[in-house]
Amino acid sequence: MNDESVNESTTDAAEAAPRRRAVVAEDESLIRMDIVETLTEAGFEVVAAVGDGAAAIEKTRELRPDIVVMDVKMPQTDGITAAEKIGEENLAPVVMLTAFSQTELVERARDAGAMAYVVKPFTPADLLPAIEIAVSRHAQILQLEADIADLGERFETRKRVDRAKGLLQSNMGLSEPEAFRWIQKTSMDRRLTMREVADAVVDQLGGAGKD
């Protein structure tokens with residue numbers, strides 16, 4: 001196969017790959033347009049761009065995007081309340097945008113279900129990695145929840161897997177997605193549950209005792 005054929009095949013594969021879909025919620029129109037442009041240039045399809053939290057919830061329910069990028073301060077329904085609703089219904093991962101970096105606000109956003117946050121003013125170099133983190137974390141949670149039906153077991157497994165991921169990151173130099181994939185692959189290869197793999201990691205790398 002010559003170089004031209006390789007390039008054509010690569011282009012065809014890229015064109016065939018589905019674009020990830022995004023909902024943008026920001027009440028300031030210029031910032032909203034900037035976010036839409038940033039996401040579009042990064043290969044996302046922005047399926048809705050709205051100016052308040054209530055519309056963000058409605059569009060996320062209707063369109064089921066791969067990511068929601070949402071401001072904290074918005075009319076009708078604020079971003080944190082909207083993120084909480086989206087998280088409760090497990091509709092999509094949320095990246096919160098805020099002009100305030102107070103610890104309390106960050107904690108509220110996290111407790112509401114936001115997977116990542118970005119402080120204004122931000123650049124594409126700030127926003128795009130935060131989106132990738134949010135998408136990755138959301139996928140991990142969906143994988144765990146698909147494996148476990150019981151809510152209590154689900155929560156405990158998530159805690160243990162999070163601890164094991166942290167130990168793999170600090171001891172083996174893995175990124176968070178790499179650590180999760182390592183646990184997932186080991187689970188499949190050894191026919192163990194992810195919780196059993198996580199417990200083994202904690203036993204070996206975390207010293208005495210488990211959560």
Side-chain angles (χ1 to χ4, degrees), residues 14 17-57 59-60 63-88 90-143 158 162 165-166 168-170 173-181:
R19 297 173 69 192
R20 288 187 292 181
R21 302 161 73 250
V23 167
V24 174
E26 163 64 64
D27 62 324
E28 295 186 35
S29 59
L30 290 178
I31 298 177
R32 185 168 65 246
M33 291 170 60
D34 187 46
I35 296 167
V36 170
E37 182 180 357
T38 295
L39 293 180
T40 301
E41 289 179 353
F44 288 84
E45 178 187 0
V46 178
V47 293
V50 299
D52 65 82
I57 296 169
K59 288 299 182 182
T60 302
L63 301 170
R64 295 300 181 101
D66 299 294
I67 189 69
V68 178
V69 179
M70 184 159 52
D71 190 25
V72 167
K73 301 289 186 181
M74 287 189 294
Q76 296 189 47
T77 303
D78 65 50
I80 289 180
T81 302
E84 187 172 25
K85 193 67 179 174
I86 290 169
E88 284 174 358
N90 212 9
L91 300 175
V94 176
V95 172
M96 300 298 303
L97 307 176
T98 175
F100 310 95
S101 58
Q102 293 98 325
T103 302
E104 179 185 354
L105 193 60
V106 173
E107 289 176 351
R108 283 184 60 206
R110 180 199 62 205
D111 293 343
M115 298 289 170
Y117 78 98
V118 178
V119 178
K120 297 177 184 177
F122 54 85
T123 66
D126 300 317
L127 178 59
L128 296 176
I131 288 174
E132 295 304 326
I133 289 170
V135 170
S136 175
R137 287 178 175 170
H138 188 252
Q140 292 176 16
I141 290 170
L142 291 180
Q143 177 64 50
R158 190 186 303 178
D162 282 345
K165 283 192 304 181
L168 290 170
Q169 288 175 256
S170 59
L174 302 180
S175 67
E176 183 180 349
E178 288 170 342
F180 183 81
R181 285 194 295 269

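Numbers here simply count residues along the sequence, with the first being 1. Both backbone and side-chain heavy atoms feed into the values below; hydrogens, waters and symmetry mates do not.
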Distance in Å, Leu97 CG paired with Tyr117 OH, rounded so as to fall on 0.5 Å steps: 12.0 Å
Exercise: identify the closest heavy-atom pair between Val95 and Ala130: CG2-O, 3.8 Å
Minimum-distance pair of heavy atoms, taken over all atoms of Thr60 and Val68: OG1-CG2, 3.5 Å
Backbone of Glu45 reached by a side-chain donor or acceptor of Arg21 within 3.5 Å: no
Arg20 side chain vs Pro65 backbone, donor-acceptor pair below 3.5 Å: no
Main-chain N/O of Thr123 paired to Asp126 side chain as donor or acceptor, under 3.5 Å: yes
From Leu168 atom CG to Ser175 atom OG, the distance as rounded to the nearest 0.5 Å: 10.5 Å
Pairing residues for Arg64 by the salt bridge (charged side-chain N to carboxylate O under 4.0 Å, His left out) criterion, not counting sequence neighbours: none
Side chain to side chain donor-acceptor pair (under 3.5 Å) against Arg181, all qualifying residues, sequence neighbours excluded: none
Non-hydrogen atoms of Ile80 and Met96 that approach each other most closely: N-CE, 3.9 Å
Atom NZ of Lys165: over 12 foreign heavy atoms under 6.0 Å: yes
Non-neighbouring partners of Asp52 that pass side chain to side chain donor-acceptor pair (under 3.5 Å), sequence neighbours left out: none
Evaluation steps, side chain to side chain contact (heavy atoms under 4.5 Å, CB included), between Asp78 and Val72: CA-CA 6 Å; Asp78 65 50; Val72 167; 5.8 Å; no
Spacing of CD1 belonging to Ile131 relative to CZ belonging to Phe44, to within rounding of 0.5 Å: 5.0 Å
Nearest atoms (heavy-atom pairs only) where Val50 meets Ala55: CB-CB, 3.7 Å
Side-chain donor-acceptor contacts of residues 22-42 below 3.5 Å, not counting sequence neighbours, with atom names and distances?
from	atom 1	to	atom 2	distance (Å)
Glu26	OE1	Lys120	NZ	3.0
Glu26	OE2	Glu28	N	2.9
Arg32	NH1	Glu26	O	2.5
Thr38	OG1	Asp34	O	3.0
Thr40	OG1	Val36	O	2.8

Under 3.5 Å: donor-acceptor pair, side chain of Thr81, backbone of Thr77: no
Set of salt bridge (charged side-chain N to carboxylate O under 4.0 Å, His left out) partners for Arg137, sequence neighbours left out: Glu176
Nearest atoms (heavy-atom pairs only) where Ile86 meets Ala56: CD1-O, 4.5 Å
Test side chain to side chain donor-acceptor pair (under 3.5 Å) applied to Lys59 - qualifying residues, sequence neighbours left out: none
Shortest non-hydrogen contact between Ala92 and His138, atoms and distance: C-NE2, 3.9 Å
